[in-house]
2 protein chains.
Amino acid sequence: MVSSEALAERAGTTGAQVRKDLSSFGSFGTRGRGYGVDPLHARIREILGLTRPWQVALVGAGRIGSALHAYPHFRDRGFRIVAILDMDPAKIGGAWEGTPIRDVGELEAVVGAESVEIVILAVPASAAQPLAERAAAAGVRGILNFAPVRLRLPEGVEVNNVNLAVELEALSHALSLEDARR
Amino acid sequence: MVSSEALAERAGTTGAQVRKDLSSFGSFGTRGRGYGVDPLHARIREILGLTRPWQVALVGAGRIGSALHAYPHFRDRGFRIVAILDMDPAKIGGAWEGTPIRDVGELEAVVGAESVEIVILAVPASAAQPLAERAAAAGVRGILNFAPVRLRLPEGVEVNNVNLAVELEALSHALSLEDARR
DNA sequence: ACCTGTGAAAAAATTCACAGCG
DNA sequence: CGCTGTGAATTTTTTCACAGGT
């Protein structure tokens, strides 16, 4: 068993917050005791949609793509990278851990053949918008975008942006505030 | 010149929001015209603390470290990766674009000698906490942490966490909600 | 005695709407 | 006329605090 307070400490928040959040998905704690770890874990997996695997295509076989492909926590959670695509002829025909790197021209064919629902976009900013449009048109439902551009896509395609520079800038901002206070 | 509405469209928010946010740092727009692009850019650089360079050490020369080291937007914004550290003897002694990869045992020495203020932690979860503590003790002011653990550090050290799995999970959650609505 | 679940209160963020300047 | 800057209204999020199970 684990209490809301113990969870809060790990997550960097408060017990009340944890209870409010969890209660919005139903009440599965036990008064006086806390939450059972296994049921809680199972319920969160359900909420996050991790009880079934997701077919993922990685678009962009550069350094960021490489890091993401090797990231063990993706596979752990049921994200299956079933295809890798790139435009560089020097990379096409190669393979990472047995998964071939294919020509990005085959994007639509791969999405169809492999029932890809999620695309991880790890390409330069200039290439992102057209590739995102093609992925969306091919039927992809969600895009995890590492390019520093806001993608304009038709309704119904979920986009999540990750901007690594922003995180460092936030740190820089916080440290500058400290300096200013002195 | 650019209007708050035009900025909002690019950023995915509203004009009122942009104006409120900017006004909290003073008023530097022109009524009837909008914001001058150059002055606005300069002011934001100031606010983010990007008008001076930051000395950064990259701890962890794995795939994520490699991607970050090559990320052009860090250098652009004045983040100087002045040292790379790793514990793998196979990597130590090598170099990335002229920057040598040194033994992580030299962390304290490097932080002192190079006046490192920010550490990018790109190491496995199990190694993160002790390395963060050492960096903090050596005088580092901010840590950008890619390991999926909540670092416990003394007051006064800023920590920003980046968790790549969380972003994919959020996408999975959103798509599951769509499925449930059907 | 302990800890959840949740209304009620408080705080924070967002939106509205418009006076005022260019 | 156009667009900022900003109080006021509204909505959302967080915290409080305690009734009610175990």
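Each chain gets a letter, A, B and so on, in the order its sequence line appears, and its residues count up from 1. This is a predicted model, so every value here is computed, not measured.
Atom CD of B:E9 has 12 or fewer neighbouring heavy atoms from other residues, nucleotides or ligands inside a 6.0 Å radius. Within 6.0 Å of atom CZ in B:R43, more than 12 heavy atoms from other residues, nucleotides or ligands are found, so the atom counts as buried in its surroundings.
Residues B:L50 and B:V56 share a single hydrophobic cluster, defined by chaining ILVMFWY side chains whose heavy atoms lie under 4.5 Å apart. No continuous path of ILVMFWY side-chain contacts below 4.5 Å connects A:L68 to A:V119, so the two sit in separate hydrophobic clusters. Clustering ILVMFWY residues whenever any of their side-chain heavy atoms sit less than 4.5 angstrom apart, transitively, puts A:F146 in the very cluster that holds B:I120.
For B:D76, there are no salt bridge (Lys or Arg N to Asp or Glu O under 4.0 Å) partners at least two apart in sequence or on another chain.
Of the possible donor and acceptor atoms, none in the side chain of A:E46 sits under 3.5 Å from a partner among the backbone N and O of A:T51. Side-chain atoms of B:S176 come within 3.5 Å of backbone N or O of B:S172 as a donor-acceptor pair.
Taking atom OH on B:Y35 and atom P on D:dC3, their separation rounds to 12 Å, with Å as the unit.
Residues from residues 6-23 of chain B placing a heavy atom under 4.0 Å of any atom in DNA chain D, listed by number, are B:R19, B:K20, B:S23.
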Q. Passes salt bridge (Lys or Arg N to Asp or Glu O under 4.0 Å), B:R181 versus B:E178? Steps please.
A. CA-CA 5 Å; B:R181 263 197 289 279; B:E178 280 181 18; 5.9 Å; no
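When DNA chain C is scanned in the 5' to 3' direction for atoms under 4.0 Å from non-hydrogen atoms of chain B, the outermost contacting nucleotides are C:dT14 to C:dG22.
Distance check, rounded to the nearest 0.5 Å: CD1 of A:I81 to CH2 of A:W54 gives 15.5 Å.
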What side-chain donor-acceptor pairs closer than 3.5 Å can you find for residues 103-118 of chain A, not counting sequence neighbours?
{"unit_1": "A:D103", "atom_1": "OD1", "unit_2": "A:G105", "atom_2": "N", "d": "2.6"}
{"unit_1": "A:E106", "atom_1": "OE1", "unit_2": "A:R102", "atom_2": "NE", "d": "3.2"}
{"unit_1": "A:E106", "atom_1": "OE1", "unit_2": "A:R102", "atom_2": "NH2", "d": "2.6"}
{"unit_1": "A:E108", "atom_1": "OE1", "unit_2": "A:R134", "atom_2": "NH2", "d": "3.0"}
{"unit_1": "A:E108", "atom_1": "OE2", "unit_2": "A:R134", "atom_2": "NE", "d": "2.8"}
{"unit_1": "A:E117", "atom_1": "OE1", "unit_2": "A:R52", "atom_2": "NH1", "d": "2.7"}
{"unit_1": "A:E117", "atom_1": "OE2", "unit_2": "A:R141", "atom_2": "NH1", "d": "3.1"}

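Side chain to side chain, B:Q17 and B:D21 meet the donor-acceptor criterion of an N or O pair below 3.5 Å.
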Identify all pairs in which a protein N or O lies below 3.5 Å from an N or O of nucleotides 10-12 of chain D, and state each distance.
none

Please list, pair by pair, any protein nitrogen or oxygen found under 3.5 Å from a nitrogen or oxygen in nucleotides 19-22 of chain D.
{"unit_1": "D:dG20", "atom_1": "N3", "unit_2": "A:R31", "atom_2": "NH1", "d": "3.4"}
{"unit_1": "D:dG21", "atom_1": "N2", "unit_2": "A:G32", "atom_2": "N", "d": "3.2"}
{"unit_1": "D:dT22", "atom_1": "O4'", "unit_2": "A:R31", "atom_2": "O", "d": "3.0"}

